[in-house]
2 protein chains.
Amino acid sequence: MDASTYHHGNLKSALLEHAAAEIEDSGVEKLSLRQVAKRAGVSHAAFAHHFGSAQGLLTALAAEGFTLFGKALSDARNRDCPQDVDQLESSGLAYIQFALDHSQLFSLMFSSKLPDFSDPTLDEASMKAFQAFIADVHGSNVLEVDGPGGIDTVAMGNWAKVHGLATLLLTGRMRSVLSLDATQRTQAIRQILANDGN
Amino acid sequence: MDASTYHHGNLKSALLEHAAAEIEDSGVEKLSLRQVAKRAGVSHAAFAHHFGSAQGLLTALAAEGFTLFGKALSDARNRDCPQDVDQLESSGLAYIQFALDHSQLFSLMFSSKLPDFSDPTLDEASMKAFQAFIADVHGSNVLEVDGPGGIDTVAMGNWAKVHGLATLLLTGRMRSVLSLDATQRTQAIRQILANDGN
DNA sequence: GCGTTTATCTTGCCAGTGTCAAGATTATTT
DNA sequence: AAATAATCTTGACACTGGCAAGATAAACGC
């Protein structure tokens, strides 16, 4: 926007913003760096210095997504009184709601191998979000426990259920749930999360 | 292979095979039609007549994947005696095992928007597989039921749990489970599936 | 048998992509 | 004020998928 300056000032965050916007209405699969650059009013090779490669941009974007995700979860936890509600329902709904609200970002974060998940920043952001979710639901930090006896299978099962529901809804499966209107759908999701399994 | 013939004979299925192979060791994200064509010993534009576009190929590949998926599930059902075992564990394990064995194909089928899921062939193949899974676990066809009271929330919950576990394992989350050796991991998955939730 | 039509595959081109190298421009430091 | 570093542009490269026009082979009608 600032055409007067040769140096943009904060190009890095500007590119991230535009990339996020571009992704959210065109899909992750067909993201074009050149398009994003044009949208930011900058040359097509301006990325290199800030992100290295396209993967660098997507990695940063995914990391940003995970901190946003973590915030959405903690917001839900703070909003709902811990005494009154079932935390699995509350946090699970927030988990799923985030997936539906930021569908493209969510699929970048989870259903793609485009970002570099070994990147320390991304790794830390994602772990933080997961830990927070598990802690909210179970009151303990179970992700770091390993060894055969140490795994909290209940926590894993709940996480899997919530995550599976989110992705199945996101990818257009579960049409009987998707065809419901907003309030009925929320109700249905609540019921699915609440049920005992068998 | 048959260099003597100008007309390949069964190029369509040959291209599908090579594409599947290429995907499985290079990933879905970076599939190149030209590379597949070269591998099949054919020109880069030979696709057009058989699949139309790249999406056509991926759609056919996904459809093939779903029938394969359905067969893996029914195989598991037939192998394990229905009386002895918990069907959720049996079918769930087969579901997850398929995901781990054909990881790239699985992510094409579920975690991508590259295929055209409105394609009748693909739609039918996927629905068939899902129906079979639900029927195996619950003995009834619940996917077609809709309306607020008609949804089988227990079946949905179990499906979500199994699918979530598959995708979380596939994308490298749940490290404490992934770090186990094969038999211990199977045991852990079994436990996660068996637990009641709360 | 032969000629025509149809299906299949190739060649050549196009606009578009991400990446790299070299240079221009501005900020920062010394 | 000079030197250095950071930032951005320009131009090229190899590669991608899609399209048009033509070559080749098969199938069909007679």
Side-chain angles (χ1 to χ4, degrees), chain A residues 1-23 25-62 104 108 112-117 119, chain B residues 1-62 104 108 112-116 119:
Chain A
M1 298 294 134
D2 226 336
S4 61
T5 56
Y6 186 95
H7 283 200
H8 185 287
N10 55 348
L11 220 186
K12 188 163 184 175
S13 57
L15 286 176
L16 277 174
E17 263 185 54
H18 282 110
E22 187 90 354
I23 275 185
D25 58 52
S26 296
V28 191
E29 332 263 5
K30 55 183 87 167
L31 175 71
S32 159
L33 294 192
R34 288 175 118 100
Q35 201 73 26
V36 174
K38 190 178 288 181
R39 210 152 134 165
V42 97
S43 113
H44 66 268
F47 282 91
H49 195 267
H50 293 286
F51 298 104
S53 65
Q55 190 181 33
L57 171 73
L58 294 175
T59 302
L61 205 57
Q104 302 298 331
L108 172 69
S112 91
K113 278 135 199 165
L114 296 167
D116 175 20
F117 289 102
D119 176 83
Chain B
M1 296 296 133
D2 226 338
S4 60
T5 56
Y6 186 95
H7 282 201
H8 187 286
N10 54 349
L11 221 186
K12 189 164 182 174
S13 58
L15 286 176
L16 277 175
E17 263 185 53
H18 282 109
E22 186 91 354
I23 274 184
E24 212 57 45
D25 58 53
S26 296
V28 191
E29 332 263 4
K30 56 184 85 164
L31 174 71
S32 159
L33 295 191
R34 289 175 117 100
Q35 201 72 27
V36 175
K38 189 179 288 179
R39 213 152 132 166
V42 97
S43 113
H44 67 267
F47 283 91
H49 196 266
H50 294 284
F51 299 104
S53 66
Q55 189 182 30
L57 171 73
L58 295 175
T59 302
L61 205 57
Q104 302 298 331
L108 172 68
S112 91
K113 277 135 202 167
L114 296 168
D116 175 19
D119 177 84

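A:His50 meets the side chain to side chain contact (heavy atoms under 4.5 Å, CB included) test with A:Leu11, A:Lys12; sequence neighbours excluded. In this structure, the side-chain hydrogen bond (donor to acceptor under 3.5 Å, both in side chains) partners of B:Asp116, at least two apart in sequence or on a different chain, are B:Ser118. Take B:Ala14 and apply the side chain to side chain contact (heavy atoms under 4.5 Å, CB included) test, not counting sequence neighbours, and it matches B:His8. Annotation: side chain to side chain contact (heavy atoms under 4.5 Å, CB included) contacts of A:Leu33 (sequence neighbours excluded): A:Phe47, A:Ala54, A:Leu57. For B:Glu22, the side-chain hydrogen bond (donor to acceptor under 3.5 Å, both in side chains) partners two or more places apart in sequence, or in a different chain, are B:Arg39.
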Under 3.5 Å, which N/O atoms of the protein pair with N/O atoms of nucleotides 14-16 of chain D?
unit_1	atom_1	unit_2	atom_2	d
D:dT16	OP1	B:Ser32	OG	2.9

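For B:Asn10 and D:dA26, the CG to P distance is 14 Å, given to the nearest whole Å. Atom NE2 of A:His44 and atom C1' of D:dT10 are 7 Å apart (whole Å). A:His49 places its NE2 atom 13 Å from the P atom of D:dT9, with the value rounded to the nearest Å.
Applying the salt bridge (charged side-chain N to carboxylate O under 4.0 Å, His left out) test to every pair with at least one member in residues 26-38 of chain A, sequence neighbours left out, gives no pairs at all.
Across residues 50-62 of chain B, B:His50 each have a non-hydrogen atom less than 4.0 Å from an atom of DNA chain C (numbered order).
The two residues B:His18 and B:Ala40 make their nearest non-hydrogen contact at ND1-CB, 3.7 Å.
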